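Lettering follows sequence order; numbering is per chain, from 1. Fair warning: this is a prediction, and the values are worked out from it, not measured in the lab.
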Amino acid sequence: MGAINIVLPFTSATICFVFAVLLFRRYLVRRGPHLLLWGIGIVFYGLGGFCEGYYGAFGWNPFIFRLWYLVGAVLVAAWLGQGTVYLLAKRKWANALMVLLALGSLYAAIRVFTAELDPSLMTTSVHTGSELSGHAIVTPGVRTLTPIFNLYGTITLVGGALYSAWIFWRKRILLHRTIGNILIAAGALLPAFGGTFSRMGFSGALYVSELLGAILLFIGFLRATTPMKGI
Amino acid sequence: MLAWRAIRRIGPDCLLGEERISKLVPRDVSPMSDKSPKRPSKRQYPPVYEKFIPIALVLIALAIVIVLVVVFGVVLGLFP
């Protein structure tokens with residue numbers, strides 16, 4: 001296992017856990033449900049990175065793989081996006097979607113933790129097996145959950161950030177929030193592209209994109225919550 | 001003569017009625033003036049942001065479309 005497959009994911013995890021502490025502290029002061037959900041989403045992001053780093057350092061472990069697949073591949077984008085839904089949508093719609101997401105997450109957890117695994121399947125014609133991959137899941141139907149959650153997460157998180165940036169830009173107000181939302185949207189998109197490149201056989205693309213995504217999300221949040229002088 | 005000067009100093013608001021004239025034109029524009037009403041200048045971000053923010057927004061919108069196409073491709077089994 002290359003050192004890059006240990007250092008990159010552990011760095012992502014560290015950034016995410018620091019970020020999550022800031023989000024939870026802000027939640028304790030302001031009490032917005034979006035902050036709580038973003039905090040949970042970022043913890044999922046960090047756990048995913050930790051599992052990847054663990055695999056890089058110590059090798060295969062079924063529990064670590066299941067945890068990675070559940071929080072890192074299935075849930076993270078959707079829970080982050082749900083935070084944005086609470087920020088932008090009416091509360092009754094947000095609550096209804098939250099119930100669906102919670103039930104869906106519970107179902108996904110059951111499916112992932114009862115799925116049959118075969119780590120040898122992670123090595124394919126385009127994959128060296130040095131990175132974690134959903135190919136290890138043998139049970140049919142489990143992996144089809146992932147795009148559904150990620151579709152919801154992409155539309156709500158990236159779409160919500162883009163929409164917010166557009167509104168601020170159109171009115172030419174709160175420049176820090178315009179920039180912050182653009183960075184958040186870009187940071188949320190990067191792991192999706194990394195996953196795509198990883199599928200195509202670009203080794204390391206997933207972990208690099210996850211690290212850059214974590215950095216951009218963190219900087220975007222800091223930028224969006226720190227007003228700029230005179231603008 | 002003094003009365004005429006007083007009317008000129010007070011202006012046409014006095015003659016047409018304060019409330020009526022207020023509904024017709026903005027307060028800072030004389031109804032006798034042929035100048036166009038003053039509008040507040042459009043707010044602007046600093047030039048560098050004015051240039052790059054729309055580009056970033058368009059790029060992100062395109063990226064979302066690409067990601068959605070890939071996700072649908074995975075769902076439909078077009079990608080491994």
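Heavy-atom pairs under 4.5 Å with chain B peak, among A/Asn150, A/Thr146, A/Ile179, at A/Ile179.
Residue-environment remark: CD1 (A/Ile4) stays at or below the threshold of 12 foreign heavy atoms within 6.0 Å.
Proximity to chain A (any heavy atom under 4.5 Å) is restricted, for B/Ile66, to the side chain, taken from C-beta onward. Proximity to chain B is absent for every atom of A/Tyr163, based on heavy atoms less than 4.5 angstrom apart. Proximity to chain A (any heavy atom under 4.5 Å) is restricted, for B/Ala56, to the side chain, taken from C-beta onward. Using a 4.5 Å cut-off between heavy atoms, A/Thr144 makes no contact with chain B at all. Residue A/Ile148 does not touch chain B at all, counting heavy-atom pairs closer than 4.5 Å.
Under the 4.5 Å side-chain criterion, counting only non-hydrogen atoms from C-beta, A/Pro147 is not in contact with B/Val70. Using a 4.5 Å heavy-atom threshold, the side chains of B/Glu50 and A/Arg172 count as touching. Side-chain contact between B/Ile53 and A/Leu175 is present, with heavy atoms from C-beta onward closer than 4.5 Å.
Between the CG atom in A/Leu162 and the CD1 atom in B/Ile64 there is a gap of 5.0 Å [rounded to 0.5 Å].
Among all heavy-atom pairs drawn from A/Leu189 and B/Ala63, the shortest one is CD1-CB, 3.5 Å.
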Side chain to side chain contact (heavy atoms under 4.5 Å, CB included) between B/Leu68 and A/Ile155, worked out: CA-CA 9 Å; B/Leu68 293 180; A/Ile155 291 171; 4.1 Å; yes
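Looking at A/Thr178 and B/Tyr45, their side chains do bring a donor and an acceptor atom within 3.5 Å of each other.
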